[in-house]
Amino acid sequence: MPETAAEEAREGRVPFQLIEVEGPSMVPTLYPGDWMLVQHGARVRPGDVIILRHPFQQDLLVVKRIAERREGGWWVLGDNAPAGGDSTVYGVVPDDLVLAKVRGRLRRRKPWVEGEGQRSVGAVLSWAFSAVRPVLSDRSGRSGRSASRRLRAR
């Protein structure tokens with residue numbers, strides 16, 4: 001019997017899940033407080049943003065971008081390199097630690113401040129239009145994949 005929502009999802013009972021972002025490692029793609037729509041069991045490839053179990057603290061879930069396939073698993077990097085906490089620290093991530101693929105994000109709305117008046121319909125619609133976005137694979141040359149190639153070339 002599965003013990004966690006992630007294990008239930010792996011067994012096909014919960015294909016999608018909402019997870020809140022904590023930490024700056026994926027800025028500007030994902031900010032702390034954003035919500036991610038993740039798909040369990042989706043095929044992953046370089047450029048995809050994924051949820052994985054931390055190799056050294058398996059009760060900790062992290063979000064990273066796949067840079068490339070290496071012997072033994074995936075090399076993953078954060079979009080915000082100075083934040084760290086990726087394969088440059090813990091090495092290759094085995095396939096069995098990859099839990100889900102991030103499909104979309106919902107950017108949190110800034111809190112309403114008392115005394116500043118009500119939010120206009122236009123302001124709410126503007127937020128809604130910009131807040132809900134798919135999280136696409138980055139194969140444009142800005143992803144960790146090319147950064148990894150540049151680092152190895154030096």
Side-chain angles (χ1 to χ4, degrees), residues 4-10 12 14-113 123-154:
T4 67
E7 289 171 347
E8 286 182 8
R10 278 188 173 194
V14 181
F16 290 94
Q17 185 179 14
L18 283 173
I19 300 175
E20 186 176 8
V21 176
E22 294 179 12
S25 72
M26 289 300 293
V27 171
T29 306
L30 300 165
Y31 288 88
D34 286 354
W35 286 87
M36 301 174 287
L37 175 65
V38 302
Q39 181 183 10
H40 296 275
R43 182 174 171 239
V44 298
R45 57 188 182 159
D48 289 344
V49 177
I50 60 166
I51 302 296
L52 59 113
R53 287 195 188 281
H54 191 287
F56 301 146
Q57 299 173 322
Q58 294 197 4
D59 59 333
L60 177 64
L61 299 181
V62 293
V63 57
K64 299 293 174 201
R65 187 178 301 276
I66 295 177
E68 64 187 14
R69 182 80 173 162
R70 292 193 179 177
E71 186 176 329
W74 297 102
W75 189 260
V76 297
L77 298 171
D79 286 358
N80 182 7
D86 54 25
S87 286
T88 59
V89 174
Y90 47 74
V92 174
V93 175
D95 289 323
D96 61 330
L97 297 182
V98 175
L99 302 177
K101 181 176 181 176
V102 178
R103 293 295 191 169
R105 65 109 171 117
L106 174 63
R107 185 117 322 135
R108 72 176 173 178
R109 205 168 92 183
K110 293 179 182 171
W112 182 70
V113 178
V124 171
L125 289 175
S126 175
W127 165 81
F129 180 74
S130 67
V132 179
R133 293 272 191 236
V135 174
L136 303 173
S137 296
D138 188 354
R139 294 177 189 25
S140 66
R142 294 175 299 151
S143 72
R145 181 178 177 168
S146 359
S148 176
R149 286 185 180 160
R150 284 194 305 269
L151 289 173
R152 283 186 286 143
R154 289 183 183 175

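All values reported here derive from a predicted model rather than from experimental measurement.
Taking both residues in full, the closest heavy atoms of Asn80 and Pro24 are given as ND2-O, 2.9 Å, listed atom of the first, atom of the second, then distance. The minimum heavy-atom distance between Tyr90 and Val76, with the atom names listed, is OH-CG2, 3.8 Å. In this structure, Leu77 and Ala67 approach most closely via the heavy-atom pair CD1-CB, 3.9 Å. Here the closest heavy-atom approach between residue Arg103 and residue Ala42 is recorded as NH2-CB, 3.8 Å. Closest non-hydrogen pair, Gly84 versus Ser25, comes out as O-CB, 4.1 Å. Taking all atoms of both residues into account, the shortest heavy-atom contact from Arg105 to Thr29 is NE-O, 4.1 Å.
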*Candidate pair Arg53 and Leu99, rule side chain to side chain contact (heavy atoms under 4.5 Å, CB included), full reasoning*: CA-CA 7 Å; Arg53 287 195 188 281; Leu99 302 177; 3.8 Å; yes

*Starting from the C-alpha separation in whole Å, work towards a yes-or-no answer on side chain to side chain contact (heavy atoms under 4.5 Å, CB included) for Trp75 and Asp86.*
CA-CA 8 Å; Trp75 189 260; Asp86 54 25; over 6 Å; no

*I would like to know whether Asp48 and Lys101 meet salt bridge (Lys or Arg N to Asp or Glu O under 4.0 Å); could you show each step before the answer?*
CA-CA 7 Å; Asp48 289 344; Lys101 181 176 181 176; 3.3 Å; yes

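Counting non-hydrogen atoms of neighbouring residues, nucleotides and ligands closer than 6.0 angstrom, the CD atom of Glu22 reaches no more than 12 such neighbours.
Rounding to the nearest 0.5 Å places OH of Tyr31 at 11.5 Å from CE of Met26. Taking CD from Glu20 and CG from Leu106, the interatomic distance works out to 10.5 Å, rounded to the nearest 0.5 Å.
Test Val102, Leu97, Val98 against Ile51 for side-chain contact (heavy atoms from CB on, under 4.5 Å) and you get one pass: Val102.
Looking at residues two or more places apart in sequence or on another chain, you find a side chain to side chain contact (heavy atoms under 4.5 Å, CB included) between Leu37 and Phe16, Leu18. Not a single side-chain hydrogen bond (donor to acceptor under 3.5 Å, both in side chains) links Ser87 to another residue, sequence neighbours left out.
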